Amino acid sequence: GSRQKRLLDDVAQLGYGVSNRLAWSPDGRWLSVTRKGGLWLVSRDGAVVKELVSYAPQKGSAYLFAWSPNGKQIAFTQQFGYYPADYLGLGIIEVETKKVVVVTKENPNAGWAWLLTWAPDGQRVGLLWGAQGKMFTLSDKTTSVKIPNCAGEIRELVWSPDSNWL
């Protein structure tokens, strides 16, 4: 219809790179996208484009992300340094303030991050990292391995409704 708008045109004008991951915020106000190693938000009407995480080798590049259930935060994985990475990390960014908390940094030999998802209660993040599924509790940054040695066998991470099982 006549209300169609290409939301990513403004992001495309930012330069080279492929917009390879997209996700709507839980309230539908923002479309999030990774591009040029950064994490961007585009408003529903396309009028506002905000960069949340910018690419810089010392700060890392964002490549995998997931909105928190309440839409106030985004979990994202980072590659720090040039390829091959110095280390890989998991960060949480506050959408309004752009404040980033690094939850963990891993040796790049741990493998690539494949899947990322928030628990329904918003207190934990699940991540398939290399051959292991890991659960990160955000309040104290603890890690527990829930799915060992699953490389190539897991295609999706799903939380139980009570957020206790990944």
Side-chain angles (χ1 to χ4, degrees), residues 1 3-15 17-56 59-80 88-106 112-129 133-144 146-147 154-166:
R3 295 184 59 204
Q4 291 181 351
K5 177 168 176 61
R6 292 179 57 140
L7 294 179
L8 298 181
D9 283 347
D10 291 334
V11 176
Q13 292 174 11
L14 297 172
V18 176
S19 301
N20 59 353
R21 301 199 194 294
L22 303 168
W24 284 102
S25 61
D27 64 6
R29 290 180 46 219
W30 298 100
L31 179 64
S32 49
V33 57
T34 54
R35 185 167 178 84
K36 292 175 46 181
L39 178 59
W40 299 80
L41 296 182
V42 179
S43 63
R44 178 177 40 220
D45 63 2
V48 178
V49 177
K50 298 195 295 189
E51 185 178 29
L52 287 183
V53 177
S54 58
Y55 171 75
K59 289 173 55 181
S61 62
Y63 63 93
L64 188 64
F65 65 90
W67 284 90
S68 65
N70 65 11
K72 294 181 179 181
Q73 300 169 308
I74 298 176
F76 65 101
T77 55
Q78 301 171 287
Q79 173 182 311
F80 292 88
L88 304 173
L90 171 64
I92 306 291
I93 188 166
E94 297 284 338
V95 174
E96 290 299 317
T97 66
K98 297 184 182 180
K99 178 184 174 192
V100 175
V101 173
V102 176
V103 177
T104 188
K105 293 179 182 178
E106 303 276 337
W112 201 251
W114 299 105
L115 300 168
L116 177 64
T117 183
W118 283 84
D121 67 4
Q123 303 301 307
R124 295 183 191 101
V125 174
L127 180 63
L128 182 61
W129 207 317
K134 295 186 177 185
M135 183 170 68
F136 297 93
T137 301
L138 302 178
S139 60
D140 59 7
K141 296 184 183 178
T142 58
T143 306
S144 57
K146 293 292 183 185
I147 311 168
I154 304 295
R155 299 286 179 240
E156 188 172 358
L157 293 176
V158 180
W159 286 93
S160 62
D162 64 3
S163 299
N164 288 324
W165 299 95
L166 178 61

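Predicted model, so just to flag it, every value in this text is computed and none were measured.
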Check whether any side-chain heavy atom of [X] sits under 4.5 Å from a side-chain heavy atom of [Y], and report yes or no.
| X | Y | value |
| --- | --- | --- |
| F76 | V100 | yes |
| V53 | I74 | no |
| T137 | Q123 | no |

Evaluate the side chain to side chain contact (heavy atoms under 4.5 Å, CB included) criterion for residues R124 and N164: first the C-alpha distance (whole Å), next the side-chain angles of each, then the deciding distance (0.1 Å), finally the verdict.
CA-CA 9 Å; R124 295 183 191 101; N164 288 324; 4.0 Å; yes
Any idea which heavy atoms bring [X] and [Y] closest together, and the distance?
| X | Y | answer |
| --- | --- | --- |
| V95 | K50 | O-NZ, 4.5 Å |
| P120 | P69 | O-CG, 3.6 Å |
| V125 | L116 | CG1-CD1, 3.2 Å |
| L115 | L127 | O-CD1, 3.1 Å |
| S32 | W67 | OG-NE1, 2.8 Å |
| V33 | F65 | N-CZ, 4.1 Å |

Nearest-0.5 Å distance that lies between atom [atom1] in [X] and atom [atom2] in [Y]:
| X | Y | atom1 | atom2 | answer |
| --- | --- | --- | --- | --- |
| R44 | D27 | CZ | CG | 7.5 Å |
| L52 | E96 | CG | CD | 9.5 Å |
| L39 | E51 | CG | CD | 9.0 Å |
| R29 | W24 | CZ | CH2 | 11.5 Å |

With a 3.5 Å distance limit and no angle check, can you tell me whether W118 reaches the backbone of A66 through a side-chain donor-acceptor pair?
yes
Strictly distance-based, threshold 3.5 Å: is any side-chain N or O of T77 a donor or acceptor partner for the main-chain N or O of L64?
yes
